[in-house]
Amino acid sequence: MPEKPYNHQEIELNWSQRWSADPELYKAVNDGSKPRYYVLEMLPYPSGRLHMGHVRNYSIGDTLARYQWMRGFDVLHPMGWDAFGLPAENAAIKNNRHPSEWTHSNIAHMKKQLLRMGFAYDWDREVSTCEPEYYRWNQWLFLRMMERGLAYRKVSLVNWCPECATVLANEQVENGCCWRHETTPVEQRELVQWFLRITAYAEQLLDDMKQIEAGWPSQVLTMQRNWIGRSEGTEVDFGLAGTDQKIRVFTTRVDTIYGATCVILAPEHPVSKQLCEGALATQLKAMVDDQSRKDPENLVKEGFFTGHYAVNPYNGATVPIWIANFVLWGYGTGAIMAVPAHDERDFEFCTKYGISIVPVIRPVDGTLPVIATEPFTEYGIVENSGEWSGLPSAEARKLMSARAKENGFGEASITYRLKDWGVSRQRYWGTPIPVVHCPACGVVPVPDDQLPVLLPSDVELTGQGKSPLANHPSFLNTTCPKCGGPAQRETDTMDTFVDSSWYFFRYVDPKNDKLPFTPETVQPWFPVDQYIGGVTHAILHLLYSRFWCKVMRDISLVKVDEPFKNLFTQGMVQLNGQTMSKSKGNIVDPDEMVEKYGADTCRLFTLFAAPPEKNMDWNESSVEGQYRFLTRLFKWVTRNADATEGSGETDAQALRKLHQTIRKITSDFDNRWHFNTSIAALMELLNALQAAEAGLSPAVRQEVAAKLILLIAPFAPYAAEELWATIGRTGPVFRQSWPAFDPELAKEEALEIPVQVNGKLRGRIIAAHGSTKEEQEALALADEKVLAFIAGRPIVKVITLPGKLVNIVIKG
RNA sequence: GCCCGGGUGGCGAAACUGGCAGACGCAACGGACUUAAAAUCCGUUGACCCGAAAGGGUCGUGCGGGUUCGAUCCCCGCCCCGGGCACCA
């Protein structure tokens with residue numbers, strides 16, 4: 001056949017249409033006849049258009065999915081939409097479009113883009129989290145958590161803009177002010193909100209890391225470990241002088257408690273309010289609302305004395321009670337004892353306010369330090385501490401905790417940095433929280449058979465006032481499921497991280513209307529074999545998903561402890577060293593490149609530019625190279641596939657390169673996914689084939705052409721499919737077997753071995769396969785160039801790695 | 001400040017982790033084809049030095065030390081870039 005030109009537009013549009021018209025094409029068989037393989041990529045937020053980060057993520061996943069199909073697996077490769085969220089509401093307010101309409105049109109557009117990229121998804125399993133068919137199961141699962149005490153209400157602080165009279169998300173607070181009222185400082189308001197008790201699973205989330213250690217990047221596990229922040233210490237009750245009241249503090253250094261010179265409360269601590277009257281109360285409110293506290297890096301420690309005193313239960317010492325901006329309400333007990341002699345923060349604070357400094361720990365090999373310019377924060381020997389004096393810190397901590405317990409003024413305690421997950425959002429575009437507030441019965445869960453609690457569509461979004469659902473009377477007013485009396489619905493919706501915490505289970509059983517999914521259906525596919533996504537989700541999404549999985553295990557929906565066996569975190573796509581983002585206005589749209597060069601080129605380029613785990617800087621200059629490569633490949637295959645002439649003298653050479661390439665790419669897939677080197681190997685192969693072309697026999701031309709198509713198929717599916725059809729084979733190409741490599745054919749004719757003299761390359765010898773160490777040494781020592789360098793000097797020793805290297809060490 | 005990554009030609013990178021530094025691609029330069037251009041094809045391309053040339057030599061993987069026959073790779077001390085955490089008591 002004559003050489004054909006590579007017309008990417010015609011080829012890709014043709015196959016794109018045929019693929020879209022065939023819903024069976026990418027379906028998982030799911031009958032157990034083949035081993036299963038679940039490839040999962042993080043589902044996108046439908047912001048409007050695909051960006052390069054998506055293209056990179058999905059190119060990696062699609063390449064893997066196609067490879068696993070060719071390896072004979074029954075592959076599950078689904079896609080969906082993380083469709084609830086604030087941007088839809090913002091767009092609604094700005095452009096007067098309904099969030100639903102905005103979201104659905106974005107999904108339609110982005111789906112078209114995904115199809116155009118040639119990604120092989122089983123669209124029958126598409127999940128969109130804003131549909132009632134999906135979010136009703138958020139509600140159902142929420143109710144199960146309520147039953148188990150895992151979902152509960154408590155008072156918590158929210159950002160409040162007095163101008164809009166509404167709650168703001170953290171993203172809507174800019175420089176401590178409202179995003180739409182740049183001069184209006186944001187206040188903190190107390191609101192009763194819903195929480196999920198993830199802290200109850202803190203230990204399991206730590207322990208079960210063992211199960212996924214082998215398949216997850218250690219960096220991600222470390223980040224999660226730090227996030228959970230397990231810390232062993234002691235809780236101690238200080239007395240409030242003149243009353244029976246106690247103030248509980250948490251410390252990891254109870255061994256330093258004789259050096260405590262004040263107690264400091266977080267501004268939000270209830271006792272703070274109690275102790276502050278008049279001018280102090282005003283000062284307190286200002287501190288609570290102070291937005292600069294959210295930027296700890298630049299926070300200047302400030303505080304004030306309450307006029308009250310606390311009593312140290314160990315020695316009866318009376319110390320002043322302060323309130324300070326650096327003490328966190330959300331951690332420990334929200335109150336600390338300050339030991340300036342042995343803690344840097346306390347030192348800084350107490351020095352500033354002239355609070356006394358009492359050293360009580362001496363270094364193991366020294367005397368009690370003079371604390372003048374810096375605290376001594378290490379472990380040492382306890383001093384000036386009554387009966388505890390002389391004990392090493394570690395031992396004192398243990399014994400003193402035990403004493404607190406015995407005497408009823410405290411106990412050893414484990415504290416986590418991890419907090420319970422606040423899921424209430426005073427927003428419209430999210431899952432309604434399925435409870436009813438009844439004046440008679442209190443908080444009443446909506447019964448399962450009344451789910452879903454539907455989000456009404458006719459809601460006015462002004463961005464002002466209370467939660468939008470609270471202004472919708474027919475949604476708000478209902479009857480109590482328990483007593484039948486008039487009641488009001490909860491108007492908060494759920495955090496969208498809820499939606500993405502279990503969608504990958506729903507993919508397996510997406511149309512189930514009895515349960516979130518049937519356990520037996522889902523079980524064979526779990527844990528997910530390979531999850532792929534950005535490292536940006538290393539903490540929240542992945543931690544919530546792990547938590548959710550454990551909860552579902554505890555209610556017998558799933559059997560696995562961990563949802564994702566292997567995790568791959570791709571690097572970010574940057575532009576000039578900066579993350580692409582809307583606010584920076586440096587987003588690159590893939591459409592242009594796809595239009596000009598085609599999806600295959602775009603995919604190859606994305607994979608070729610850098611190894612997938614590394615950040616890549618977007619620089620289109622090398623994209624031409626990928627297009628040229630596909631063009632050359634296309635032409636080579638079409639002009640060789642049914643050639644009838646050729647001597648065959650270069651056959652062995654071509655087959656050798658072919659099998660070396662198969663070996664190389666197979667190992668890249670199975671080990672480290674450095675697809676940049678896989679593609680480079682394919683380029684080398686094509687270069688070699690072009691060089692050998694004139695001497696190839698017809699049989700080898702055909703064989704090599706066919707294998708070449710199979711090798712490129714996971715990376716450039718359109719070109720591969722077109723070529724496969726062009727050479728008269730039956731498709732689809734990604735259902736063919738991945739070519740096997742033959743080690744004999746891949747073997748080099750002879751060994752070329754570098755020879756060094758004193759570690760510097762001085763020559764090369766050609767040795768036969770299977771030649772001995774001695775033979776190779778003899779060859780090296782007979783080599784002219786090598787002899788010239790030795791120049792008759794005495795040989796100290798010769799180091800030979802048979803088949804790899806000879807190094808001759810000489811004197812001088 | 002702490003914890004991870006990373007630093008290799010003009011650029012993206014490779015070297016499968018102690019054994020031939022720079023594969024593959026981009027860009028650049030030279031040539032062929034062309035009335036011309038584009039496209040395509042062929043060649044050169046780390047720096048410096050010797051040589052008319054073929055060829056040869058020295059240096060070279062952020063900087064400074066070390067281990068080793070041999071270091072981009074291991075160890076010690078720095079510098080720079082990226083990411084995460086950061087008053088977590």
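Keep in mind that what you see is a predicted model, and the values were worked out from it rather than measured. Here is how names work: the chains are called A, B, and so on, in the same order as the sequence lines, proteins then strands, and each is numbered from 1. What you see below is based on every heavy atom in this structure, not just the backbone, and it leaves out hydrogens, waters and symmetry mates.
In terms of phosphate contacts, A/Lys614 brings a side-chain nitrogen or oxygen within less than 4.0 Å of OP1 or OP2 of B/A13.
Each of A/Glu752 and A/Ala610 has a nearest nucleotide on RNA chain B; the 5'-most of these lies closest to A/Ala610. Place A/Thr631 and A/Lys301 on RNA chain B by their nearest nucleotides, and A/Thr631 ends up nearer the 5' end.
Pairs engaging residues 673-692 of chain A under the salt bridge (Lys or Arg N to Asp or Glu O under 4.0 Å) rule: A/Lys657-A/Glu684 [sequence neighbours left out].
Of the candidates B/C3, B/C59, B/C20, B/C59 carries the atom nearest the A/Lys760 side chain, counting heavy atoms from C-beta on. Of all nucleotides listed (B/A89, B/C20, B/C87), B/A89 comes nearest to the side chain of A/Phe250. For A/Leu801, the listed nucleotide lying nearest its side chain is B/G19; candidates were B/G12, B/G19, B/G57.
Atom P of nucleotide B/C4 and atom CG of A/Asn226 are separated by 10 Å, given to the nearest angstrom. A straight line from CG of A/Asn615 to P of B/G7 spans 13 Å, rounded to a whole angstrom. One atom, CE of A/Met616, and another, C1' of B/C11, lie 14 Å apart when rounded to the nearest Å. Rounded to an integer number of Å, the gap from A/Leu418 CG to B/C85 P is 14 Å. A/Tyr416 places its OH atom 13 Å from the P atom of B/A89, with the value rounded to the nearest Å. Atom-to-atom, CG of A/Leu328 to C1' of B/A86 comes out at 11 Å; the value is rounded to the nearest Å. One interatomic measurement links the two molecules: CD of A/Glu374 to C1' of B/G1, which rounds to 13 Å at whole-angstrom precision. In this structure, A/Arg639 places its CZ atom 12 Å from C1' of B/U40, rounding to the nearest Å.
For B/G57 and B/G5, the P atoms lie 40 Å apart once the distance is rounded to whole Å. Nucleotides B/C24 and B/A14 place their C1' atoms 8 Å apart, quoted to the nearest Å. B/U17 and B/G70 are spaced 15 Å apart, taking the C1' atom of each and rounding to whole Å. Spacing between B/U35 and B/A53 at atom P, rounded to whole Å, works out to 37 Å. Nucleotides B/A47 and B/U61, compared at atom P, are 15 Å apart to the nearest Å. Taking atom C1' on both nucleotides, B/C11 is separated from B/A86 by 37 Å, rounded to a whole Å. Going from the C1' atom of B/U34 to that of B/A28 covers 23 Å, rounded to whole Å. For the P atom pair drawn from B/G64 and B/A15, the interatomic distance equals 26 Å after rounding to whole Å.
No donor-acceptor distance shorter than 3.5 angstrom exists from the side chain of A/Tyr6 to the backbone of A/Leu630, with no hydrogens or angles considered.
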* **Contact state string [nucleotides 23-31 of chain B, B base, S sugar-phosphate only, - no protein heavy atom under 4.0 Å]** => BBSSS----
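In the model, A/Asn226 has no side-chain atom that pairs as donor or acceptor with a side-chain atom of A/Arg417 under 3.5 Å. A/Gln776 and A/Ser771 share a side-chain donor-acceptor pair at under 3.5 Å.
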List, with names and distances, any nitrogen or oxygen atoms from the protein found under 3.5 Å away from nitrogen or oxygen atoms belonging to nucleotides 65-75 of chain B.
{"from": "B/C69", "atom 1": "O2", "to": "A/Asn807", "atom 2": "ND2", "distance (Å)": "2.2"}

Every protein N/O lying under 3.5 Å from an N/O of nucleotides 43-49 of chain B:
none

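For B/G51, the base adopts the anti conformation, since its glycosidic angle falls more than 90 degrees from zero.
Looking at residues two or more places apart in sequence or on another chain, you find no ring-ring contact (aromatic ring centres under 6.0 Å, His included) involving A/Trp216. With sequence neighbours excluded, no residue forms a salt bridge (charged side-chain N to carboxylate O under 4.0 Å, His left out) with A/Lys246. When the ring-ring contact (aromatic ring centres under 6.0 Å, His included) test is applied to A/Phe629, no partner is found at least two apart in sequence or on another chain. Evaluation of the ring-ring contact (aromatic ring centres under 6.0 Å, His included) rule for A/Phe497 yields A/Tyr544 as partners, not counting sequence neighbours. For A/His342, the ring-ring contact (aromatic ring centres under 6.0 Å, His included) criterion is met by no residue, not counting sequence neighbours. Every residue meeting the salt bridge (charged side-chain N to carboxylate O under 4.0 Å, His left out) condition with A/Arg764, not counting sequence neighbours, appears here in chain and number order: A/Glu752.
Judged by the 6.0 Å and 45° rule, A/Lys301 forms no cation-pi pair with A/Phe349.
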* To do: Any chance you could encode RNA chain B as dot-bracket? Rule is Watson-Crick or G-U wobble with both distances under 3.5 Å; [ ] for pairs crossing earlier ones, | for another strand.
  => (((((((..(((......[....))).(((((.......))))).(((((....)))))..(((((..]....))))))))))))....
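Looking at A/Arg672 and A/Glu613, no side-chain N of the basic residue comes within less than 4.0 Å of a carboxylate O on the acidic one, giving no salt bridge.
Near RNA chain B, defined here as any heavy-atom distance below 4.0 Å, the residues from residues 664-674 of chain A are A/Lys664, A/Arg672, listed numerically.
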